[in-house]
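Proteins get letters first, then strands, A, B, ... in listed order; numbering begins at 1 in each.
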Amino acid sequence: MSTSFKPQSDFLRVLVERGYIHQCSDFEGLDAKAKAGEATAYIGFDATAPSLHVGSLVQIMMLRWMQKTGNKPMPLMGGGTTMVGDPSGRDESRKILTMDDIENNKAGIKRVFAKFLTFGDGRTDAHMVDNAEWLTKLNYIEFLRDVGRHFSVNRMLSMDSVRMRIEREQELSFLEFNYMCLQSYDFVELHRRYGVVLQMGGSDQWGNIVSGIDLGRRMGTSQLYALTSPLLTTASGAKMGKTAAGAIWLNPDMLSPYDYWQFWRNTEDRDVGRFLKLFTELPMDEIARLEALGGSEINEAKKILATEAAAMVHGRDEAERAAETARQTFEQGMAAETLPSIDVPRAELEAGLGVLNVFVTAGLVASNGEARRQVKGGGLRVNDAPVTDEKALITASDLNADGAVKLSLGKKRHILLRPR
RNA sequence: GGGGGAAUGUCCCGAGCGGCAAAGGGGGCGGACUGUAAAUCCGCUGGCUAUGCCUUCGCAGGUUCGAGUCCUGCUUCCCCCA
């Protein structure tokens, strides 16, 4: 995005200055719509997991800004499209999910949106839709005649997502090949039902979105618009939000607020400014100040980033608590009472529990074998003392002043063991 | 329809004369150095009631003291010819 385009609408102005925009089909046209508060927009979310993770956060933030700048955001549950599976950016077919899984996932995902958007019937209130509502009712022949005839297979074959599969000689099922048609049709359907004129998404969705605009034109909608966000990677090139330890989930039952706060606290120096703009709502001049901090002072900026980002998802109180827990744990080296914890029956603790087993139970390591290896490498600690004997027992005498045992893996991951 | 190849450690890529818990990467985890950063260096990277036992090389059988490695059938994918 390096145009000299000067947005008139609050919506585009914010998105441009905060770095949300990768591509837009028509800046001027969309700007006018947004200025009039008529830029009703949707973003589709596939129901492939019981929670969204950090990878979807940019999209969610775009919807939030949309609402804050006087337009109507519509998160779309891909209840129908999830049954098909998006081939974009994938080099192999998705697993087919069962209907039960999809329902379950939708319920989890809805909880996330409630944190970011105000729902209701007002003009700028968010409205949640599910494409299963219309996609599952489609009649095959009718769909082919009304919608299918507008799609050129020649053109679809030239789209990145499809071409890649073909070039790499990887299977692309007819089921997946249809995904684009369905997503395009969603756009048209949403326009007809709710007057949606804009579809946003990650840059990998550009092709699908534009194809929806095209279909709209052929099927007689008014002008539709596309807006995509850059695909987020960390400065060192890793994909955002997915580590081998697991994705950075937004639902607290999948990842504790404390761990969520830690994720942001561990941001690389180079990413701090960019992330503050995308994932917090701090004013731009404040961000400029924070991002200019040099050397170890940048850590202050990271703490603010962590607290602001966590507050958005888990609420201000939880965020402050996570920040305080981190302060006590890292800056004072104590076992903050509010660290994530697990319970263990008091009788078992008094009888003595094997260290290895305890670390496995706490979920810090996957198996006794891994625990042993960590002991060898000096990675496990009980109450900050390195575990040297893998046969050691943890007993009631290990309880600290707060009545808990602090288990640590490495320098960053801590869990409290509490007798119950 | 005919001919030829491929499937390896449940994160990925990938070597593998009949003795293999299976080379090497990447990724990840841990350690050192730092600032809970990056870069760099080092270690680890099947499971267990553990000087041993169990489970792994697409699936099912077979040959053999012994099979990822050889044979047969099957599945999936790729290439060439038609």
Check your understanding: In this structure, which one of D384(A), N383(A), N400(A) forms a side-chain hydrogen bond (donor to acceptor under 3.5 Å, both in side chains) with K406(A)?
Key -> D384(A)
**Study point:** E268(A) CD to rA39(B) P, straight-line distance once rounded to whole Å
**Key:** 6 Å
Review point. When all nucleic acid strands are considered with a 4.0 Å heavy-atom cut-off, which category describes R265(A): base, sugar-phosphate, or nothing?
Key: base
Check your understanding: Rounded to the nearest Å, what distance is computed from the CD atom of residue Q374(A) to the C1' atom of nucleotide rG43(B)?
Key -> 10 Å
Point to revise | No-H, no-angle donor-acceptor pair, N368(A) side chain to rG47(B) base, under 3.5 Å | key: no
Check your understanding: Would S408(A) and H414(A) count as having a side-chain donor-acceptor pair, cut-off 3.5 Å?
Key -> yes
Study note, to complete from the structure: Residues passing the side chain to side chain contact (heavy atoms under 4.5 Å, CB included) test with A306(A), sequence neighbours excluded, are W261(A), W264(A), R265(A)
Exercise for review: Rounded to the nearest angstrom, tell me the gap between atom NE2 in H414(A) and atom P in rG30(B).
Suggested key: 11 Å
Practice item. Using a heavy-atom cut-off of under 4.0 Å over every strand shown, decide if K302(A) touches base, sugar-phosphate, or nothing. Key: base
Check your understanding: Within less than 4.0 Å of OP1 or OP2 of rG47(B), is there a side-chain N or O belonging to R373(A)?
Key -> yes
Exercise for review: Please report, rounded to the nearest Å, how far the P atom of rU36(B) is from the OH atom of Y260(A).
Suggested key: 22 Å
Revision key, fill the gap. Between S51(A) and L250(A) the two heavy atoms that sit nearest each other are OG-N, 3.5 Å
Review point. In whole Å, what separates the P atom of rC29(B) from that of rG46(B)?
Key: 16 Å
**Study point:** Flag for Q328(A)-E337(A): side-chain donor and acceptor within less than 3.5 Å
**Key:** no
Review point. How far, in whole Å, is rA15(B) from rG25(B) if one measures between their C1' atoms?
Key: 11 Å
Point to revise | Given rU36(B), rA37(B), rG35(B), the nucleotide with the shortest approach to the side chain of S296(A) | key: rG35(B)
Review point. Base, sugar-phosphate, or nothing: which does T267(A) touch, judged by heavy atoms less than 4.0 Å apart?
Key: sugar-phosphate
Revision key, fill the gap. Answer for the Watson-Crick or wobble partner of rA7(B), both distances under 3.5 Å, is rU75(B)
Check your understanding: Expressed in whole Å, how much space separates the C1' atoms belonging to rC70(B) and rG26(B)?
Key -> 33 Å
Point to revise | Spacing of the P atoms in rG24(B) and rC44(B) (rounded, Å) | key: 10 Å
Practice item. Inspect the surroundings of NZ in K115(A) and state if more than 12 heavy atoms from other residues, nucleotides or ligands are less than 6.0 Å away. Key: yes
Exercise for review: Considering only atom C1', compute the distance from rC78(B) to rA39(B) and round it to an integer number of Å.
Suggested key: 41 Å
Exercise for review: Return the nucleotide paired to rG68(B): Watson-Crick means purine N1 to pyrimidine N3 with N6-O4 or O6-N4, wobble means G-U with N1-O2 and O6-N3, both under 3.5 Å.
Suggested key: none
Review point. For the pair made of CD in E390(A) and C1' in rG30(B), what is the distance, rounded to whole Å?
Key: 16 Å
Exercise for review: Check every strand shown and say whether I298(A) touches a base, only sugar-phosphate, or nothing at a heavy-atom separation below 4.0 Å.
Suggested key: base
Check your understanding: C1' atom, rU40(B) versus rU34(B): distance in rounded Å?
Key -> 11 Å
**Study point:** Nucleotide opposite rU40(B) in a Watson-Crick or G-U pair, distances under 3.5 Å
**Key:** rA32(B)
Practice item. Specify the glycosidic conformation (syn or anti) of rC20(B), with syn defined as within 90° of 0. Key: syn
Check your understanding: Distance between the C1' atoms of rG68(B) and rA7(B), in whole angstroms?
Key -> 12 Å
Review point. On a whole-Å scale, what distance lies between the C1' atoms belonging to rU8(B) and rG58(B)?
Key: 10 Å
Revision key, fill the gap. In whole angstroms, the gap separating P of rU36(B) from CD of E300(A) amounts to 11 Å
Check your understanding: Does a distance-only test, which skips hydrogens and angles, find a donor-acceptor pair under 3.5 Å between the side chain of K411(A) and the base of rU34(B)?
Key -> yes
Check your understanding: Contact class for E331(A) (heavy atom, under 4.0 Å): base, sugar-phosphate, or nothing?
Key -> nothing
Revision key, fill the gap. Between CG of L409(A) and P of rG28(B) the distance, given in whole Å, is 15 Å
Revision key, fill the gap. For rA21(B), the nucleotide meeting Watson-Crick or G-U wobble distances (both under 3.5 Å) is none
Check your understanding: For rC57(B), what is the paired nucleotide under Watson-Crick or G-U wobble rules, both distances under 3.5 Å?
Key -> none
Practice item. Could you pick out which residue, S367(A) or G295(A), lies toward the 5' side of RNA chain B when each is mapped onto its nearest nucleotide? Key: G295(A)
Check your understanding: rU34(B) C1' sits how many Å from D269(A) CG, rounded?
Key -> 11 Å
Exercise for review: Kindly state whether the ring of F113(A) and the ring of F45(A) have centres lying under 6.0 angstrom apart.
Suggested key: yes
